[in-house]
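Okay, so here's the structure we're looking at.
In what follows, chains carry the letters A, B, and so on, assigned in the order in which the sequence lines appear, proteins first and then strands, with residues in each chain numbered from 1.
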Protein chains: 4
Amino acid sequence: MTSPTRPSKEDVLTAFRRSALLESARRVFGECGFERATMERIAHEAGVAKGTIYLYYSSKQRMYDEALNEGLAELDGMTRVRVEQAPTLRDAIAAFISARTDYFLERREFFRMYVAAVAGHITERHGRPSEFRSLITKQTRRLEARIARGMDAGEIRDVDPAATARAIFDLTRGLVARKLFLGRGAAETAHPDEAEFLTTLIWDGLGPDRRPGTPRTAAATRKKTMTKRQR
Amino acid sequence: MTSPTRPSKEDVLTAFRRSALLESARRVFGECGFERATMERIAHEAGVAKGTIYLYYSSKQRMYDEALNEGLAELDGMTRVRVEQAPTLRDAIAAFISARTDYFLERREFFRMYVAAVAGHITERHGRPSEFRSLITKQTRRLEARIARGMDAGEIRDVDPAATARAIFDLTRGLVARKLFLGRGAAETAHPDEAEFLTTLIWDGLGPDRRPGTPRTAAATRKKTMTKRQR
Amino acid sequence: MTSPTRPSKEDVLTAFRRSALLESARRVFGECGFERATMERIAHEAGVAKGTIYLYYSSKQRMYDEALNEGLAELDGMTRVRVEQAPTLRDAIAAFISARTDYFLERREFFRMYVAAVAGHITERHGRPSEFRSLITKQTRRLEARIARGMDAGEIRDVDPAATARAIFDLTRGLVARKLFLGRGAAETAHPDEAEFLTTLIWDGLGPDRRPGTPRTAAATRKKTMTKRQR
Amino acid sequence: MTSPTRPSKEDVLTAFRRSALLESARRVFGECGFERATMERIAHEAGVAKGTIYLYYSSKQRMYDEALNEGLAELDGMTRVRVEQAPTLRDAIAAFISARTDYFLERREFFRMYVAAVAGHITERHGRPSEFRSLITKQTRRLEARIARGMDAGEIRDVDPAATARAIFDLTRGLVARKLFLGRGAAETAHPDEAEFLTTLIWDGLGPDRRPGTPRTAAATRKKTMTKRQR
DNA sequence: CATGAATGAGTTTTCATTCAT
DNA sequence: AATGAATGAAAACTCATTCAT
């Protein structure tokens, strides 16, 4: 029942160190960005000496990449679970939003890393294109699939599932950014149930076609367009 | 009718220099980010010597701030004009999206600057809090006002205008990012009329209330929920 | 009468700086070797700040290479001139020895650089094979050619000119090393006219064949081998 | 007759370890030079852990010194034996050359160490002057003595035995350097019997005085200078 | 005895900023 | 005003050496 080679004490210790260093790295990279972060500080915050880092990571860049990728993978995993457990498509959308919001709200520094990393990749032409990019695009794959299923099941009207998933992704991203932006108390901070608002907004946006000219308020609908909608 | 002191030749030259330097700064900061950008290169691309920059900007940071703020102001101005010219709220939303998309697509380096700057401000506690932040929040003010007006006029149902404007803002931001992300031809690039898709999505999302449980497809509507909707 | 583009003041200044830096580099590299030499110290000895070096040399290695190559070229040039001016082959050999001895004695630090560089190239397989190596082999080319000419002219017996040049080269190298080794006063320091001794040794070694068994002293010669030599 | 305390098992093991470490050190120091050699690699090549080295050698420098001195002593021993076994002075010279050539050709890395070490001592004023220097000068002592004996026996003309021994030493050194320099196949590589050439060159150089003006080729001798030589 | 993780001093290199011309 | 040579602070990274296990 035990695994054939039980992790030795060293392995455990090594894993622990790596994890602690990554934690520290995420904090410092998040706070300062890649360039302004210093290995000295990362080491200090992890409670080790500068040189020690290099026993675990061969360079600052490697450490950064690993911290980023690990966070993205974790985020992706949590999102996936929550989305898959949702019974309806509406719940899935709400789950997507709240899963990511929750994750980032507990790791504000990581959100910053993440945003900066995406920013860094926008116009850059440097080497490794696929690695990071695929991690990004993977983030919406699950949701996209779920939307497609819901569309087939008649839960929503015919839309481009990928574009829809991206829209939800972007709204979530903006929501999180704003919650972290300037901290709480700022006038522009989203009110607590902005997530619910977004879900409703999207959900209604995905409803049956409304032709141009269709009145937009319930009141107007009641008075003027009942017949049209009934067709 | 003329201004009391007509701009002297020197003033014109100075303005020209500052503008050329800012242009160059935007390009380099956009391409490299703040840290990796060098004054040397900014100077070179502007066709002046390194020391000359310091006659116009007291530090790299100041130059960066000014380049950023100027761009944001310009973007804001263009957006405002286009939004104000739109006859209906739907047109205003479409105008907001296209104005910003067009602007950024012609200045990808600036978009990168902008994104990085926002990222940099998310968790940071460093000094100047208001300046940049107010520029950001200003971006949605006009649209927010327009939405509020449209709401009052019954063009859309009752929503939080600020939250709605932010949603549109975020969707636009995501759209632009994706268009610049990995350049054209990438599988995940938005298809050409994603802007139209977003406008429709939002517009429909802003339509009359649909209660939970309401069927979402036109077909379903026809069959099952006609009575409910008519109430 | 003036050259078409007279060297500008900057060019002169630049050349001067480069030369002063190279001088300093030669001193420090010579004293400490490549690894132990610090840019800090080279800069300090040249009377400039650390960063200034990098305005003239892109890296420590480049600086080292240039210092070495320049010295070798200069040494080669001086040797060539002296050798070519020598009327007889014997004089050429003596000139070769004394030219190099004189050169190195005035630049002991450079000799050390030179020796270390050769040592470093002995077993190494790293990149640039030809550059340095060709400079080394070039050192004996002139002498080799002169020896060949002297041989054709009957000044010496038939020998391998290249091997002979190399032998003279090695003897000179050893002579210099010893003169610099542990400074003056050491018991093993060569006596002043060791150069003359070497010249004679070589010169006699290059004389007409002496068959094995031939008596070696003048006395013996006089008594026993006169007839043989006359054959 | 036996030593008072027979070497214990530990002593043997210790000796073995020290020897293995020295072997490894010689290889790595030879390949990389003192500075670029790492204790890590030396340990690895010796099959022990880094810390273990410090149980046998108190520092990198000490290890280097010992590796060097041991090698020099061994070289010296082998040379001495071969020289002493030579029946004639000519044989002794040939033996000196071949003994050292053979030794170094089997230990190229050590030759590099040796050359670098000598280079390092040329101008340096750092502490330990005598230790290394005496080892170097000892290298020629035996040969010098043998030459002196041969001179007394009339085998060669009157020369400075020390200077002569040094000349042979330098020629040998150059020969070896060239054989290792750039590996085989290079145009400038000495041809196989350069050792024999050197022996002859020296041997002839040590023959009876030839006065200035004396013709140098057998042919010339025959025609022009017979009378002079007979005087 | 042996180990190898941890340390931190020391080195190269970059680049914003200054200032003499 | 404009220049660009000079500066030196700052940061990544290496590696001999130590020491707890």
**Prompt:** Do B/L55 and B/R17 have side-chain heavy atoms sitting under 4.5 Å apart?
**Reply:**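 Result no, sub-4.5 Å side-chain heavy-atom pair not found.
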**Message:** Any heavy-atom pair between the side chains of C/V48 and C/L21 that's under 4.5 Å?
**Reply:**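 Yes, their side chains come closer than 4.5 Å.
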**Asked** What is the per-nucleotide protein-contact pattern of nucleotides 13-21 of chain E, from the 5' end, where B denotes a base atom under 4.0 Å from a protein heavy atom, S denotes such proximity for sugar-phosphate atoms only, and - denotes neither?
**Response** BB-SBB---
**Request:** Indicate, with a heavy-atom threshold strictly under 4.0 Å, whether C/T14 touches base, sugar-phosphate, or nothing.
**Result:**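 Nothing: the residue C/T14, judged by heavy atoms under 4.0 Å, touches no strand.
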**Message:** Using the C1' atom as the point on both nucleotides, what is the distance between F/dT21 and E/dC1, in whole Å?
**Reply:**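 Each nucleotide's C1' atom is 12 Å from the other's.
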**Residue-phosphate contact under 4.0 Å: D/R17 side-chain N/O, E/dA2 OP1/OP2** = yes
In whole Å, I'd like the distance from the [atom1] atom of [X] to the [atom2] atom of [N].
{"X": "C/Y56", "N": "F/dA5", "atom1": "OH", "atom2": "P", "answer": "7 Å"}
{"X": "D/R41", "N": "F/dA16", "atom1": "CZ", "atom2": "P", "answer": "12 Å"}
{"X": "A/M63", "N": "F/dC13", "atom1": "CE", "atom2": "P", "answer": "11 Å"}
{"X": "C/I53", "N": "F/dG8", "atom1": "CD1", "atom2": "C1'", "answer": "13 Å"}
{"X": "A/I42", "N": "F/dA12", "atom1": "CD1", "atom2": "C1'", "answer": "11 Å"}
{"X": "B/H44", "N": "F/dT3", "atom1": "NE2", "atom2": "C1'", "answer": "15 Å"}

Going by the rule side-chain contact (heavy atoms from CB on, under 4.5 Å), which residues pair with [X] if we only count those two or more places apart in sequence or in a different chain?
{"X": "C/R18", "value": "C/T14, C/Y56, C/Y57, C/E66"}
{"X": "C/E45", "value": "C/S24, C/R27, C/V28, C/R41"}
{"X": "D/Y64", "value": "D/F29, D/F34, D/Q61, D/L68, D/M113, D/A117"}

**Asked** Of the candidate nucleotides E/dC1, E/dG8, F/dT3, which contains the atom at the shortest distance from the side chain of D/L55?
**Response** E/dC1
**Prompt:** How does DNA chain F look in dot-bracket form if you count Watson-Crick and G-U pairs under 3.5 Å, write [ ] for pairs that cross, and put | where a base pairs with another strand?
**Reply:** .||||||||||||||||||||
**Request:** Scan for salt bridge (Lys or Arg N to Asp or Glu O under 4.0 Å) pairs involving residues 49-61 of chain C, sequence neighbours excluded, and state none if there are none.
**Result:** C/E40-C/K50
For [X], all residues meeting side-chain hydrogen bond (donor to acceptor under 3.5 Å, both in side chains), sequence neighbours excluded:
{"X": "B/N69", "value": "B/E131"}
{"X": "C/R62", "value": "C/S58"}
{"X": "C/E70", "value": "C/R26"}

